[in-house]
Amino acid sequence: MTLELIEEMLFRCMLLNLGLMLFSLMMVTVFRKHCEKVHGRLFNIPQQTVRVVMYSTLAGYKILAFFFIVIPWITVRFLMP
């Protein structure tokens, strides 16, 4: 496996994760009330807690994607001649 192939794979993963992150954020923002109501009933928790959990999950996803995809992509980018 060459560095070019790894760099291309990480770049595609980064684009896919960015798209998924933006889509999730858009859906949570646009349908916030509906998501809070459905998930609140489903898990029997208050709607305020659902909001905190949704945004915490998105923040955690962003951090994980950054550390496991973006940083390795930047590293491989600098290693290539």
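Not measured: the values here are computed from a predicted model.
- Hydrophobic clustering, with ILVMFWY side chains joined whenever heavy atoms are under 4.5 angstrom apart, groups Leu15 together with Phe67.
- If you take CZ on Arg32 and CE on Met27, they are separated by 15.0 Å, rounding to the nearest 0.5 Å.
- From Phe78, atom CZ reaches atom CH2 of Trp73 across 9.0 Å, with rounding to the nearest 0.5 Å.
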Check your understanding: Is there a side chain to side chain contact (heavy atoms under 4.5 Å, CB included) between Lys33 and Arg51 once you walk through the steps?
Key -> CA-CA 9 Å; Lys33 294 289 185 190; Arg51 185 179 304 159; 4.2 Å; yes
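- Under the 4.5 Å side-chain contact rule for hydrophobic residues, Phe23 and Leu18 do not share a cluster.
- Distance CZ/Phe11 to CD1/Ile74: 12.0 Å, rounded to 0.5 Å.
- Here the OG1 atom belonging to Thr57 is positioned 12.5 Å from the NZ atom belonging to Lys62, to the nearest 0.5 angstrom.
- Grouping the Ile, Leu, Val, Met, Phe, Trp and Tyr side chains by contacts below 4.5 angstrom, directly or via other members, places Met54 apart from Val30.
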Practice item. Test side chain to side chain contact (heavy atoms under 4.5 Å, CB included) on Gln48 and Glu36 and set out the steps. Key: CA-CA 8 Å; Gln48 184 65 25; Glu36 289 173 0; over 6 Å; no
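- Closest approach of Ile45 and His39 over heavy atoms only: CG1-O, 4.4 Å.
- In the hydrophobic clustering of ILVMFWY residues, with side-chain heavy atoms under 4.5 Å counting as a link, Ile63 and Leu20 come out apart.
- Note: Thr29 OG1 to Leu22 CG = 10.5 Å, rounded to the nearest 0.5 Å.
- The CD atom of Glu8 sits 6.5 Å away from the CG atom of Leu5 when rounded to the nearest 0.5 Å.
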Check your understanding: Are Tyr55 and Val28 close enough, and set up right, to give a side chain to side chain contact (heavy atoms under 4.5 Å, CB included), and what steps lead you there?
Key -> CA-CA 9 Å; Tyr55 287 113; Val28 167; 3.8 Å; yes
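- Residues Asn17 and Ile69 share a closest heavy-atom pair of ND2-CD1, 2.8 Å.
- Phe31 and Met26 fall within the same hydrophobic cluster, defined by Ile, Leu, Val, Met, Phe, Trp and Tyr side-chain heavy atoms under 4.5 Å apart, directly or through other members.
- In this structure, the side chain of Thr75 engages the main chain of Ile71 through a donor-acceptor pair within 3.5 Å.
- In plain terms, the two heavy atoms of Ser24 and Leu58 that are nearest each other are CB-CD2, 3.7 Å.
- Val50 and Cys35 make their closest contact through CG1-O, 4.2 Å (heavy atoms, listed as atom of the first residue, atom of the second, distance).
- When every heavy atom of Val70 is checked against every heavy atom of Met14, the shortest pair comes out as CG2-SD, 3.7 Å.
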